[in-house]
Amino acid sequence: MATVIGVDVGGTFTDLVLHDAATGDIRVAKRPTTPAAPELGVLGAVDAAVSAEQLARCRHFVHGTTVGLNALLERAGAQGPTVGLITTAGFRDVLEIRRGDRDDPYDLFWTPPPPLVPRRLRTEVLERVAADGSIVRELDPESVRRAARLLMDEGVDAIAIVLINSYANPEHELRTAELVRQAGFTGPISLSHEVSGEYREYERTCTTVVDVLVRHRMGPYLRNLEAELRRRGFTGELLITRSGGGALTIAEAMARPFETILSGPVAGAVASARLAGTLGLGTVIAADVGGTSFDTTLIVDGTLPLLFQGEVVGLPLQSPWVDVRSIGAGGGSIAYADHGGLLRVGPRSAGADPGPVCYQRGGTEPTVTDAALHLGMIPTDRLSGGITLSAEKAAAALARLAGPTGIDGVDAVAEGVIRIAAAHMAQAVRGITVERGVDPRGAAIVAFGGAGPLFGCLLADELDVDTVVVPPNAGNFSAVGLVQADIVRSAARTLVRPLDDAALPEIERLAGTLFERLAQEGEVRELHLDLRHRGQEHTLTIPVLLGRDDVAAIRARFTDAYHRAFGHRLPDPLEVVTVRATSRVVLDGTRSLIPVPPSGETASGTRRLWSFRSRAWVEAPVVPRSGLTGPIAGPALVAEPTTTTYLDAGFIAEPHPTGCLIITRKDRG
């Protein structure tokens, strides 16, 4: 039996989980992230927790990373590689025109994000392909050569080639790439028909530009990581998680890097969905509090909310996308006084370098972690990963906020920081529940990440939720989701036509072509259709059983989904917009993985602890989670190597046979 390793690179810490299928052993490690060279943090975690024998027996090394996302964020901030665009004559300004609407119609000061490619680096070539794939105008080679020379003279590092309707006929895009290479360009090139098989020129152009931009950073990073793992004796397969769940091989990730933009946050959602199935929970709110961000997902009946277009920094991406809501509220979020003297928290973060003031690594601005340490919520002066904490420096940093905010004393400042952070998190949860017609009071919160269990009870009070689940090894739970990942390939192709009996054979032929491209040994095939009522603009994505569903069955499934989403049913005819194919392979033994209780040295005894419900200091027990055999009532702390669970007054925690900690709210404060 093989070993599987999952490593999640967060903004502050890099987390590792190892599952040895031969022995059932699960090991964890947490090391500070190294932003300048993320692979060093990954390798540090491997060296700390994985023996040479285990690494040699490792069949799959599954990796979640923020490298692609950071590359996009940096480029949006006018840093990073210089990208050029080659497009069809007349479509040079697609990135700037966008959709002609406003993201927030009520914000009078809203301005669109600047286009990823400035106008001087957007070039046109003479050609035209119709929506049905027929060639209206042949490609003019000389116009391509002129465009290539212009971009090379401008010193571009990468080129995106996006020709109109190339998803229907890629002939001109392929020829354009060939001519650009002949002109002497040696940098990365992304072709839109290889990135997306869907229509909508703005979205496809934006996705292709993001792909080539991220490719410039992702390729060297993955090659360096793989080389170092091989040097240490790793002989298995390196996999990268996708924004839509599942994992890609390293070759596929370098070929389609835009699919990894939300690689890290998705893993925690996957693990939460699996845990919800194990515990028989109907509605679950995944609450992942890391060092930099708070990531939350609504999971109903064990099913992840999957979208087929996402958005980062206001930019659309045509890619499968687990609907994870992220805000800048984590352990490293910085607290400050605004111009009006109000206490604010985030979204700026101290990150991994320098980190919170209490880390004693050069940080000067107080953070959520500093407040938690001052309030006794962190029961030790030494974190996993070797970071020694200073309560005195945390208190001094928090004290500097008392004057500007008019808050009386360090205790009140620290309490305010934690309450504001919890309120931000609760508001993000309302965005995926209340705003979509779901009552969060009937859900259970799965709290994980390095700071998630600290905020579980606070979130329960904010949202009026009665049950909080803290999974074992909660501080590394996203890495557990990596170990549980499937290998997934997906492809989509626009096919706009009425949904009728004549459409089914055409859909089956197109699906067959897509599945042929995705084929992998031991696969499970999944087919979805984007459908809409004729005359409408937006679609709903519906699962279809290929060869078994007739038009009536497909329509009934769409009508039910439409009613759930919009509250009514329409008799209008349906229209197919896009055919989506997915090939899935389950890694050996990971789907049935049940986490085991955490082990390792942790704090114990008693600690002076702030109770948010009582608004008072109390002397509270600190109990090692590995030794917890029965229920414990708050106020209390349950300590484990990678995180701490904070129990306020009125909450009771009890260990579950799976190793989970089930927290129940016994009164409403």
Side-chain angles (χ1 to χ4, degrees), residues 1 4 6 8 15-28 62 267-289 297 299-304 443-450 452-454 456-457 459-460 465-486 586-600 602 623-633 636-647 651-665:
M1 302 280 292
V4 180
D8 174 43
D15 300 333
L16 177 146
V17 167
L18 176 149
H19 176 230
D20 191 331
T23 64
D25 184 30
I26 294 179
R27 303 179 68 182
V28 301
V62 191
V270 171
S272 298
R274 298 279 171 83
L275 187 61
T278 299
L279 297 177
L281 300 174
T283 304
V284 161
I285 298 166
D288 179 4
V289 188
T297 310
I299 301 163
V300 179
D301 296 330
T303 301
L304 289 171
I445 295 172
V446 176
F448 59 97
L454 286 178
C457 292
L459 275 174
V465 169
D466 290 331
T467 302
V468 178
V469 178
V470 180
N473 298 310
N476 291 46
F477 195 56
S478 286
V480 171
L482 296 174
V483 172
Q484 295 177 326
D486 303 331
V586 179
L587 298 184
D588 293 343
T590 58
R591 184 175 291 273
S592 60
L593 174 64
I594 300 295
V596 298
S599 60
T602 55
V623 181
R625 182 167 175 177
S626 58
L628 191 63
T629 58
I632 180 173
L637 296 178
V638 180
E640 57 185 287
T642 60
T643 189
T644 299
T645 299
Y646 170 82
L647 285 178
F651 289 86
I652 295 178
E654 188 167 5
H656 188 271
T658 61
C660 293
L661 197 62
I662 309 297
I663 300 173
T664 306
R665 191 169 63 153

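Under the 4.5 Å side-chain criterion, counting only non-hydrogen atoms from C-beta, Leu304 is in contact with Ile299. Counting only heavy atoms from C-beta outward, the side chains of Asp15 and Val28 never approach each other to under 4.5 Å. Between Leu454 and Thr644 there is a side-chain heavy-atom pair separated by less than 4.5 Å. Within the 4.5 Å cutoff, the side chain of Tyr646 has heavy atoms near those of the Leu637 side chain.
Between the CG atom of Leu647 and the CZ atom of Arg665 there is a distance of 14.0 Å, given to the nearest 0.5 Å. Interatomic distance, Asn473 CG to Glu640 CD, rounded to the nearest 0.5 Å: 6.5 Å. One finds the CG atom of Asp8 at 7.5 Å from the CG atom of Asp288 (value rounded to the nearest 0.5 Å). Between atom CG of residue Asn476 and atom OG1 of residue Thr642 there is a gap of 4.5 Å, rounded to the nearest 0.5 Å. Note that the CG atom of Asp301 and the CG atom of Leu281 stand 10.5 Å from one another [nearest 0.5 Å].
Nearest heavy-atom pair across Ala273 and Gly302 is CB-O, 3.8 Å. The two residues Gly450 and Thr643 make their nearest non-hydrogen contact at O-OG1, 2.8 Å. The minimum heavy-atom distance linking Ile632 with Ala636 is given by the pair CD1-CB, 3.8 Å. Shown here for Phe448 and Ala474, the closest heavy-atom pair between the two residues is CB-O, 3.5 Å. Looking at every heavy atom in both residues, Ala460 comes nearest to Val468 through CB-CG2, 3.9 Å. Shortest non-hydrogen contact noted between Gly268 and Phe477 is O-CE2, 4.4 Å.
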*Check the pair Thr645, Ile663 against side-chain contact (heavy atoms from CB on, under 4.5 Å), reporting the backbone distance first and the verdict last.*
CA-CA 10 Å; Thr645 299; Ile663 300 173; 3.7 Å; yes
*asked:* Is there a side-chain contact (heavy atoms from CB on, under 4.5 Å) between Leu661 and Leu628? Walk through the geometry before answering.
replied: CA-CA 10 Å; Leu661 197 62; Leu628 191 63; 3.5 Å; yes
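The backbone N or O of Gly481 lies less than 3.5 Å from no partner atom in the side chain of Arg274, so there is not a single donor-acceptor pair.
Here the rule is side chain to side chain contact (heavy atoms under 4.5 Å, CB included) with Arg625, and of Pro641, Pro655, Pro472 only Pro472 fits it. Exactly one residue among Leu279, Val470, Val446 makes a side chain to side chain contact (heavy atoms under 4.5 Å, CB included) with Cys660. That residue is Leu279.
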